[in-house]
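Contents: one structure, followed by commentary.
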Amino acid sequence: MKKLIISIAALATLSYAGDIMKIDVKTTCDVKKNGVEKVLAVAKEYNPQAVKKGLEFKRLGVKNSAAIKAIEATVKAKKKEVVVEVKKKGKVKKQKFALDFATERACKFAVRALQQDVEADSTYRAAIPGDGYKY
Amino acid sequence: MVKKIIALTALSCVTLMAADFNAQAEKDRKDLIQYFEKKFSDPAGKSRSFFPYVDEKELKDNYIKGLKWQDFAKGSYSYAKAAKEQYLEIIDVPPYDDNIDNGEELYGKIKGLKQCFPDPAKAATEYPKFDDKTKQVVTLTGAINNCVVKNGGKALGWKKGKVADIEAYFAAQAKEKGLKIDVKIPSKEAQKAYEAGKRYYYAQRGYIKLNCANCHVQGAGQRVRKENLSPLLGHATHFPVYRLKWQGLGTLERRMGGCIKNMGQQPPKPNSADTRNLIYFLSYMSNGMKIDGPDVRR
């Protein structure tokens with residue numbers, strides 16, 4: 001029984017890894033080709049998984065989840081500029097991004113965080129002296 | 001006689017098994033020592049190829065050569081001449097002395113600490129520990145917090161303040177006695193935690209697509225602006241650390257969080273399994289090195 005559970009879990013992991021690796025971020029996250037809504041939906045689908053696995057990307061103090069929230073608000077308000085609030089040393093600063101650019105990046109960040117983790121399974125040992133790293 | 005033989009055989013089996021659990025970790029540690037000793041044997045000459053982006057003149061003028069294992073306890077100050085000179089000036093009047101005094105006072109004052117850590121110096125050497133009951137790694141910060149809460153107090157936090165001061169007192173005691181880091185991997189589960197920490201360290205993460213080793217193994221010694229990157233070997237010896245950037249003392253958990261943030265990833269919580277396992281791996285790599293904390297870093 002235990003073996004069966006382990007096998008099912010391993011299969012599920014493999015299928016998840018296969019699915020996420022099939023995504024081509026360049027085309028999937030292309031706002032011009034797919035539109036903001038569709039690309040945003042991809043970001044919203046994958047970023048929570050990245051958060052759950054502790055892999056969420058963060059750039060210039062902005063978590064990808066915060067960026068996604070701000071993009072959603074911008075789309076709702078039918079504006080073209082995304083404003084994200086960033087807390088730094090007790091002060092709140094506003095960062096502004098163009099909607100297309102922010103959406104594309106949020107999508108790429110969400111998917112790549114997960115893909116990078118799958119890739120790491122086969123690449124991390126290449127950095128270890130005495131193992132995969134030769135000098 | 002037969003009983004004695006059985007007991008001895010059983011004891012040897014247990015010892016052998018315990019030794020088995022850290023076999024891979026020991027190999028990793030020894031390989032790492034070998035790597036760093038070779039890398040810093042002669043940066044301007046024989047080991048030049050380890051520093052592809054560093055200027056000849058800089059390698060000649062600013063790098064100390066012929067480093068051995070224990071030298072790396074000083075981090076980048078073991079090889080960066082200019083930084084070492086500045087460091088020596090700073091520790092003429094150590095900025096963390098008040099923290100050690102405060103830590104000693106808190107150790108006497110906070111209920112339960114004396115019972116949980118009867119030998120503060122030893123505590124500084126043997127954490128992080130693997131708790132076979134909870135099947136998880138407990139860092140020194142975690143152990144102090146657990147102890148305080150168990151005795152009816154409020155957790156002291158994870159990054160700075162009282163908890164860092166108490167750790168400073170523990171580390172200072174260990175340093176005074178010349179004690180060394182002595183992290184153990186006592187079971188299969190502990191081995192798994194170590195391997196998870198190792199993977200976390202060497203796996204690429206964040207939007208910058210770096211792993212920790214890019215800077216602190218392969219990149220150790222190279223410069224990022226004016227700072228020489230520190231080596232993984234000896235990373236755990238000098239905590240809690242007084243960072244000039246922080247203008248205060250911080251725990252290993254605090255430093256890990258900052259480093260991961262710099263890699264472009266939201267850092268894991270200081271008491272998360274990721275952080276604990278990472279600290280377990282990191283500390284094991286410094287096993288056998290003298291405790292040198294608290295100390296100053298930029």
Side-chain angles (χ1 to χ4, degrees), chain A residues 6 13 17 25 29 43 46-69 84 86-89 97 101-102 104-135, chain B residues 24-39 47 49-52 195-220 231-233 246 257 260-269 272-275 277-278 281 285:
Chain A
I6 292 170
T13 311
V25 282
C29 300
Y46 291 104
N47 201 61
Q49 293 179 35
V51 173
K52 208 173 161 190
K53 287 173 162 253
L55 301 166
E56 188 185 25
F57 283 8
K58 184 176 189 173
R59 189 171 188 271
L60 300 172
V62 182
K63 285 195 279 185
N64 203 31
S65 46
I68 291 170
K69 249 188 193 172
V84 190
V86 185
K87 272 185 196 170
K88 202 173 184 188
K89 289 176 186 167
F97 306 95
F101 169 74
E104 196 160 316
R105 197 166 68 186
C107 171
K108 282 181 178 170
F109 275 15
V111 178
R112 277 303 297 153
L114 295 167
Q115 286 181 337
Q116 198 166 243
D117 188 49
V118 174
E119 287 162 3
D121 281 335
S122 55
T123 58
Y124 83 96
R125 288 180 58 188
I128 306 175
D131 190 350
Y133 179 63
K134 307 288 176 231
Y135 55 91
Chain B
Q24 182 58 47
E26 265 308 281
K27 183 188 174 300
D28 293 341
R29 190 180 68 85
K30 284 175 184 163
D31 285 340
L32 195 73
I33 294 170
Q34 201 179 15
Y35 170 78
F36 276 110
E37 284 189 344
K38 189 170 179 189
K39 181 170 183 170
S47 53
S49 59
F50 287 93
F51 303 89
E195 287 296 335
K198 182 167 111 180
R199 186 194 181 280
Y200 198 95
Y201 192 88
Y202 287 107
Q204 207 175 59
R205 61 189 62 259
Y207 77 93
I208 307 177
K209 299 178 185 171
L210 288 175
N211 62 40
C212 305
N214 285 139
C215 290
H216 300 292
V217 179
Q218 289 84 2
L232 162 59
L233 193 61
W246 296 336
I260 294 164
K261 198 174 87 183
N262 290 343
M263 293 161 83
Q265 188 191 287
Q266 170 68 7
K269 293 209 165 106
S272 67
D274 280 343
T275 306
N277 294 341
L278 179 61
F281 162 73
M285 289 300 102

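Reminder, nothing fancy here: chain letters follow the sequence lines and each chain counts from 1.
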Checklist entry - Who wins among A:D131, A:N64, A:L55, A:L60 for the most heavy-atom pairs under 4.5 Å with chain B? => result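 Greatest number of close heavy-atom pairs with chain B: A:L55.
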Checklist entry - Pick from A:A120, A:A127, A:S65: which one has the most heavy-atom pairs with chain B under 4.5 Å? => result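 Among the listed options, the one with the most contacts to chain B is A:A127.
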Item to check | Heavy-atom closest pair, residues B:D31 and A:P129 | outcome: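 Where B:D31 meets A:P129 most closely, the heavy atoms are CB-O, 3.5 Å.
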Checklist entry - Shortest non-hydrogen contact from A:K58 to B:Y207? => result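 That would be O-CE2, 3.3 Å.
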Checklist entry - What class does the angle between the rings of B:F50 and A:Y135 fall in, given that below 30° is parallel, 30 to 60° is tilted and above 60° is perpendicular? => result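 Plane angle between 30° and 60°, so tilted.
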Next on the checklist: Tell me whether the count of non-hydrogen atoms from other residues, nucleotides or ligands lying under 6.0 Å of NZ in A:K87 goes above 12.
Outcome noted: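 Check fails, neighbour count at 12 or below.
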Next on the checklist: Heavy-atom count check: over 12 atoms from other residues, nucleotides or ligands less than 6.0 Å from B:K27 NZ?
Outcome noted: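 Check passes, neighbour count above 12.
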Item to check | Contact origin within B:K209 toward chain A - heavy atom pairs under 4.5 Å | outcome: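 Contact with chain A: backbone and side chain both.
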Next on the checklist: If I measure from the heavy atoms of chain A, does B:K39 come under 4.5 Å with its side chain, its backbone, both, or neither?
Outcome noted: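 The answer is neither part of B:K39.
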Item to check | A:D117/B:R199 ion pair, N-O < 4.0 Å | outcome: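 Yes.
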Checklist entry - For A:G54, does its backbone N or O pair with a side-chain atom of B:Q265 as donor and acceptor, under 3.5 Å? => result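 Judged by distance alone, yes, a pair lies under 3.5 Å.
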Item to check | Verdict with reasoning, B:I208 to A:R59, per side-chain contact (heavy atoms from CB on, under 4.5 Å) | outcome: CA-CA 9 Å; B:I208 307 177; A:R59 189 171 188 271; over 6 Å; no
Next on the checklist: Measuring from atom CG of B:D274 to atom NZ of A:K53, what distance do you get when rounded to the nearest 0.5 angstrom?
Outcome noted: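 One finds 11.0 Å between CG of B:D274 and NZ of A:K53.
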Next on the checklist: What's the separation between atom CZ in A:R125 and atom NZ in B:K198, rounded to the nearest 0.5 Å?
Outcome noted: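 Between atom CZ of A:R125 and atom NZ of B:K198 there are 7.0 Å.
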Next on the checklist: With a 4.5 angstrom heavy-atom cut-off, is it the side chain or the backbone of A:F57 that approaches chain B, or both, or neither?
Outcome noted: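 Both backbone and side chain.
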Checklist entry - Where do A:Y133 and B:Y202 land on the side-chain contact (heavy atoms from CB on, under 4.5 Å) test, with the steps shown first? => result CA-CA 11 Å; A:Y133 179 63; B:Y202 287 107; over 6 Å; no
